[in-house]
S.K.: 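The structure's right below; bear with me while I get my questions together.
Atom set for the values below is all heavy atoms of this structure, side chains included, hydrogens, waters and symmetry mates excluded.
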Amino acid sequence: MGTHGPRTPWLDVYTLPHCPQCEQTLHLLDHLGARHRARPLADHPDAQALAAEHHVVSAPVVVAMTPVGLVADVWGGHQPHRIRRHLDAFAPAAVSVWDEQEVVSA
């Protein structure tokens, strides 16, 4: 699991046993350092219902969450472009040196 702070998005990845696309997705998330949780799809009927609602028919079922815990997107299969797009959409903006407050010594 990635180790970013609580203000970053995360992905719940619901997997099937012996699933190459599941393994590729988890490997990519590890490589990117993204916050994620891998969970067995069979143990989560709520994720199965969410997948059906979004017409997802392939594993893994990926539920992309916002930093505050809202569902931002749901998809199936190994889709690196969607992972990167989700992470980029919620990436913190770069802080300018002009944004830093000057510390005044007493």
Side-chain angles (χ1 to χ4, degrees):
M1 181 186 296
T3 58
H4 290 82
R7 294 185 182 173
T8 58
W10 77 86
L11 298 103
D12 285 332
V13 183
Y14 296 93
T15 62
L16 295 175
H18 314 292
C19 169
Q21 290 191 49
C22 300
E23 292 171 11
Q24 290 173 336
T25 298
L26 293 172
H27 178 76
L28 176 61
L29 291 169
D30 286 339
H31 176 75
L32 294 173
R35 286 179 55 198
H36 64 282
R37 297 183 290 193
R39 301 170 151 192
L41 183 59
D43 294 348
H44 296 276
D46 53 332
Q48 295 171 20
L50 188 60
E53 181 181 317
H54 288 271
H55 307 288
V56 173
V57 295
S58 61
V61 174
V62 179
V63 180
M65 307 296 288
T66 68
V68 295
L70 301 174
V71 174
D73 200 1
V74 178
W75 67 83
H78 179 59
Q79 297 194 35
H81 65 284
R82 289 183 87 166
I83 291 171
R84 287 185 176 97
R85 183 172 58 203
H86 176 68
L87 296 175
D88 288 346
F90 293 100
V95 177
S96 165
V97 295
W98 302 110
D99 294 335
E100 296 177 6
Q101 294 182 359
E102 187 175 325
V103 177
V104 179
S105 299

S.K.: Atom CG of Leu32 and atom CZ of Arg35: how far apart are they, to the nearest 0.5 Å?
M.R.: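 One finds 15.0 Å between CG of Leu32 and CZ of Arg35.
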S.K.: Would you say that Leu41 contacts Pro60 through its side chain, given a criterion of any heavy-atom pair below 4.5 Å between the two side chains?
M.R.: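 Leu41 vs Pro60: side chains apart.
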S.K.: I want to check something: taking the side chain as every heavy atom from C-beta on, are Gln79 and Thr25 in contact at a cut-off of under 4.5 Å?
M.R.: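 Not touching, per the 4.5 Å side-chain cut-off.
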S.K.: Compare all side-chain heavy atoms of Asp73 with those of Val63 and state whether any distance is below 4.5 angstrom.
M.R.: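 Result no, sub-4.5 Å side-chain heavy-atom pair not found.
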S.K.: Say you draw a straight line from CD of Gln48 to CG of Asp43; how long is it, rounded to the nearest 0.5 Å?
M.R.: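 Nearest 0.5 Å value for the CD-CG distance: 9.0 Å.
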S.K.: Assess the residue pair Val56 and Val74 against the criterion (side chain to side chain contact (heavy atoms under 4.5 Å, CB included)); give the C-alpha distance rounded to whole Å, side-chain angles, the decisive distance to 0.1 Å, and a yes or no.
M.R.: CA-CA 8 Å; Val56 173; Val74 178; 4.1 Å; yes
S.K.: Measure across Leu16 and Cys22 and return the closest heavy-atom pair with its distance rounded to 0.1 Å.
M.R.: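 Shortest heavy-atom contact: N-SG, 3.6 Å.
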S.K.: Any chance the side chains of His44 and Asp12 put a donor and an acceptor closer than 3.5 Å?
M.R.: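 Not at all, the side chains of His44 and Asp12 share no donor-acceptor pair under 3.5 Å.
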S.K.: Would the number of heavy atoms belonging to other residues, nucleotides or ligands and lying under 6.0 Å from NE2 of His81 be above 12?
M.R.: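 More than 12 heavy atoms, drawn from other residues, nucleotides or ligands, come within 6.0 Å of this atom.
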S.K.: Which is it for His36 and Leu26 under the side chain to side chain contact (heavy atoms under 4.5 Å, CB included) test, yes or no, and what are the steps along the way?
M.R.: CA-CA 8 Å; His36 64 282; Leu26 293 172; 3.9 Å; yes
S.K.: Side chains of Leu11 and His86: closer than 4.5 Å at any heavy-atom pair?
M.R.: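 Of all side-chain heavy-atom pairs linking His86 with Leu11, at least one is under 4.5 Å.
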S.K.: Please give me the minimum heavy-atom distance between Trp10 and Gly69, naming the atom from each residue.
M.R.: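 Taking Trp10 first and Gly69 second, the nearest heavy atoms are CH2-CA, 3.5 Å.
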S.K.: How far does CZ of Arg85 sit from CG of Leu87, to the nearest 0.5 angstrom?
M.R.: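 Here the rounded value is 11.5 Å.
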S.K.: In the structure I gave you, are the side-chain heavy atoms of Arg84 and Leu28 within less than 4.5 Å of one another anywhere?
M.R.: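 A side-chain contact exists here, since the closest heavy-atom pair is under 4.5 Å.
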S.K.: Is there a side-chain contact between Met65 and Leu70 in this structure, where contact means two heavy atoms from C-beta onward sitting under 4.5 Å apart?
M.R.: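 They are not in contact (no side-chain heavy atoms under 4.5 Å apart), so the answer is no.
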S.K.: Could you give all pairs that pass the ring-ring contact (aromatic ring centres under 6.0 Å, His included) test and reach residues 55-79, with sequence neighbours left out?
M.R.: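 ring-ring contact (aromatic ring centres under 6.0 Å, His included) check on residues 55-79 returns no pairs.
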